[in-house]
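Reminder, nothing fancy here: chain letters follow the sequence lines and each chain counts from 1.
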Amino acid sequence: MSTPEFVTVLKKDKEFQSYLDGTFSSHKRAIPQKVFYANTENEKVTFLIFEKDQIKLPNIILLLGKLFRVEWLSLSFGPAIACIGYAFSKGQSVDILYMGLSLLSLFCFHSAVFALNDYKDHMGGSDRVNQLGGSQVIQKGWLPANFVKSLGVIMFGMGAAVGFFVLINQPLIFIASVLFISLLVLIYSFNGPNLKAIGFGEILAFICFGPLIVFGFTSVLGSPMGAKEWALSLLFGQLAFLIMQARQLENIVADSRSGERNLVTYLGFDKAKKFIGYQLFLNWTLFAGFMYSFSTASIALFLLFPYGFYCWGILRTILGSRSPLSSDLESLRYRVVDLHVLLSTFVLISFWI
Amino acid sequence: MSLKYYQSSDFPKYLPKLNGLYDDLFTGGKGFRSKLVSFVAEPLGIDKKTLLLLCQTIEFIHNASLLHDDLIDRSALRRNKTAAWLKYTPEYAVLAGDYLLARVMVNLSSYGNLELIQKTAQTISDLLEGEWIQDSLVHDWSVKASQLDQVHKLKTGSLFKWCLVAPFIAQENKSKEIYEILNELGVILGLLFQRSDDLLDFDIRNAEGKAILGDLKSGYMNSFSAYLLSELSRPIVEDYKKVQTLDDIYNVVGKNYFIDKLSQFDAENEELIAKYNHYLLELSQHAPKALIENLKPLPELLYWRKQK
């Protein structure tokens, strides 16, 4: 095996950008390893250089699945499909074309957000601090950064094109909400650290993956936002909030030591575990309340048991973990995402029982 | 370099057993960390008195951590002698460790270099955080190598970083550029040292005949164990927990698999060594040639134990 090659480049050097976005060579990749004097005029980055053909690429479906974070699709699709399922169960007539375009637009925006976030973290240096974050598609050298950016832009364009067609036929209040939330997301992107410290990211996650998607799909389906829709918003939004907390708990050591302030680093390891535990219990309670209030068949209440069992499994793992670097906490957020899939599935089933 | 950084006159004679405990502790050690300090300090022209202070500081910190470690792990032996907590009492072992750290602060504050005091205090803090987290990972059989790296960077890495940076601080060299490079070099040396030490537990390049499988039997997954088990199924991990000998390990994971993983582990560490050499080249623009020459062979020495 050839000796690995490293190069350290000053940020102000004209070739720096080409190393970062992958255009410096047609047959090599550069993976950032370490940044020195970050955010100063002397900032420089060490890159590991290797030949493209040394990289073992996964198949294209897997690769795109990783980049577009298909495993997180439930966050966007869960509430959307719940709304659609509810509409069908009411016997409401649903415009299949509109519904399909809305789902396609949602998928495109979901993919665009994650791809562009990966690109932003890579170019901005966040993934040099947390090298195990993101989809790892750029860090592993599978795709150069500029290509990831292009894919993100294409998906965003597709989402916007398809979404515009759907959006212009919606009530003004929905269009205004979308614009307002987009503005909040932009503000968060550019002022992240300060807003993270006050839990702004969690609030955004709650709004975007709860009320906004439910409101959007309810509008597209031509229904008003009733009690059931608001209950769904709360349920899905609260779980999205919990997923963010789980992610923060996984990274508590690295975040605390790098000075990052968020709700979990503020609470500390012991209290954060309890807080997340309460959140899990709250989620189960909200689900129980939803099923009790809105389920037409009492047999649907039996779904509370497997859901509760899964919540209990996560709770036991969290409360039983002795260490902030415990293997129990590794991939904790994915277990909570699985809980989200379970929630989406059970909510859908409850409409049909 | 032969430097006697410990004198019995450094400690009060009126404290019972203290000097006996330190005599046992400081004899027989290799003193690698103080050697590392001198590799950097001598080319910089640091005077002998300051060199002695720096060597003493790092060895006191390191040996304090050994006193506490042995009690935490309930290790019976240290450097082929009965561990202090067993030979004397656990209370004396704790207090003797604390006293070494206190002496460090007394000596450094007398020296008067505030930045050196701050750096040393931060190093001790990092070391203790690493120890704390490491202790919390005992009996965690699924811990990942990347998570253990975080611990090792805090524990071993912080001391090695100090060894490289402290002489420059003592000289009141304020170059942040040099500090950042030295920090990276220290982290890499710390990781290589720790990983090589972890391989000794599997009798790999174990010329000194250290006792093997001690980590495993204590319920601690060291970096190579974590690397070995990373792609194996839960039933195999369960069997691994019960192994008592190397042959048991080969039976559980397969000897070919073991050899393959060792090869991959070595390759990853070769990449670290290449990174070290790259940073050493960067440092050569700022530091004397003799210093670079002293630091050059260290990764091979620490990781391969000159048996490549």
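Of the options B:Glu282, B:Glu184, B:Glu177, B:Lys176, a side-chain contact (heavy atoms from CB on, under 4.5 Å) to A:Phe36 is made by B:Glu184 and by none of the others.
No side-chain heavy atom of A:Val253 sits under 4.5 Å from any side-chain heavy atom of B:Gln147. Within the 4.5 Å cutoff, the side chain of A:Thr46 has heavy atoms near those of the B:Tyr279 side chain. With contacts defined as side-chain heavy-atom distances shorter than 4.5 Å, the pair B:Leu154/A:Arg257 qualifies.
Put simply, the side chain of B:Asp140 never gets that close to the backbone of A:Ser326: no donor and acceptor are under 3.5 Å apart. Of the possible polar contacts, one joining the A:Arg322 side chain to the B:Val138 backbone as a donor-acceptor pair under 3.5 Å is found.
Interface check for chain A: of the options B:Leu137, B:Leu148, B:Val143, the most heavy-atom pairs under 4.5 Å are formed by B:Leu137.
Taking each heavy atom of B:Ala274 and A:Pro4 in turn, the nearest pair found is CB-O, 3.8 Å. Closest approach of A:Val35 and B:Glu180 over heavy atoms only: O-OE1, 4.4 Å. Here the closest non-hydrogen pair linking A:Ala254 and B:Gln150 is N-OE1, 4.2 Å.
Counting heavy-atom neighbours within 6.0 Å of B:Lys289 NZ, excluding the residue itself, gives a total of 12 or less. More than 12 heavy-atom neighbours from other residues, nucleotides or ligands sit within 6.0 angstrom of NZ on B:Lys217. Atom OH of B:Tyr257 sits in a crowded spot, with more than 12 heavy atoms from other residues, nucleotides or ligands closer than 6.0 Å. No more than 12 heavy atoms of other residues, nucleotides or ligands sit less than 6.0 Å from atom CZ of A:Phe281.
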